[in-house]
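Quick notes on the structure that follows.
Along the sequence shown, residues are numbered consecutively beginning with 1. Just so it is clear, the structure is predicted and the values come from calculations on it, not from any experiment.
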Amino acid sequence: MSKMPFDVATQTELEAAAFRHLLAHLDANKEVQNIDLMILADFCRNCLAKWLVAAAQERGLDWDYEAAREHVYGMPYSEWKDLYQAPATEAQLAAFAAREAAKKAQQGA
């Protein structure tokens, strides 16, 4: 990753703004399922919550994973899941399994 041509504070502000935009974009596109994100980009909304928790812990802060997921999803995860998460199709499960197998093969190479 290349360095931004800005001071650290400005870089942090820009990255934070981009992250907020990503969360808003995901919120506006709830039809995009987490499994689709995992297949295509190897991350999902839950990953974002885990990364937020890890970043908080790196700074000595305590942030509960469920609270971080609520921040990412804009509501409790259980509610989002009931309202928007469709069951994974056989094709999605097969694509996810193929992606995971390819990652393992690449790691072993």
Heavy-atom pair of closest approach, residues V53 and A68: CG2-CB, 3.6 Å

hydrophobic_cluster_shared for L23 and V32, side chain cutoff 4.5 Å: yes

Test item: Y73 and N46 side chains (from C-beta on) under 4.5 Å apart, heavy atoms: yes

Q33 CD to E31 CD distance, which is reported to the nearest 0.5 Å: 8.5 Å

Between N34 and Y84: side-chain donor-acceptor atoms closer than 3.5 Å: no

Heavy-atom donor-acceptor pair, D7 side chain to T10 backbone, under 3.5 Å: yes

Y77 side, atom OH; Q85 side, atom CD - distance, nearest 0.5 Å: 4.0 Å

Nearest non-hydrogen partners of P76 and E70, listed with the distance: N-CG, 3.7 Å

Where K30 and R45 come nearest, the two heavy atoms and their spacing: CA-NH2, 4.0 Å

Step-by-step salt bridge (charged side-chain N to carboxylate O under 4.0 Å, His left out) determination, K103 to D42: CA-CA 10 Å; K103 281 176 22 183; D42 201 27; 2.9 Å; yes

Q92 to I39 - nearest heavy-atom pair and separation: O-CD1, 3.4 Å

Identified side chain to side chain contact (heavy atoms under 4.5 Å, CB included) partner of C44 from the options L26, L37, I35: L37

Residues, nucleotides or ligands: over 12 heavy atoms within 6.0 Å of E90 CD: no

Heavy-atom pair with the smallest gap, counting every atom of R99 and A41: NH2-C, 3.8 Å

Crowding at CG, D62 (>12 non-hydrogen neighbours, <6.0 Å): no

Point-to-point distance, once rounded to the nearest 0.5 Å, from CD of E66 to OG of S78: 8.0 Å

Pairwise side-chain contact, L48 with R69, heavy-atom cut-off 4.5 Å (strictly under): no

E79: salt bridge (Lys or Arg N to Asp or Glu O under 4.0 Å) partners, not counting sequence neighbours: none

Inter-residue atom distance K81.NZ - L83.CG, 0.5 Å rounding: 12.5 Å

Residue pair L52 / W63: nearest heavy atoms and the distance that separates them: CB-CZ3, 3.6 Å

Gap between atom CH2 of W80 and atom CE of M75 - 0.5 Å precision: 9.0 Å

From D27 atom CG to R20 atom CZ, the distance as rounded to the nearest 0.5 Å: 15.0 Å

Linked, directly or transitively: V72 and L22 (ILVMFWY side chains, under 4.5 Å): yes

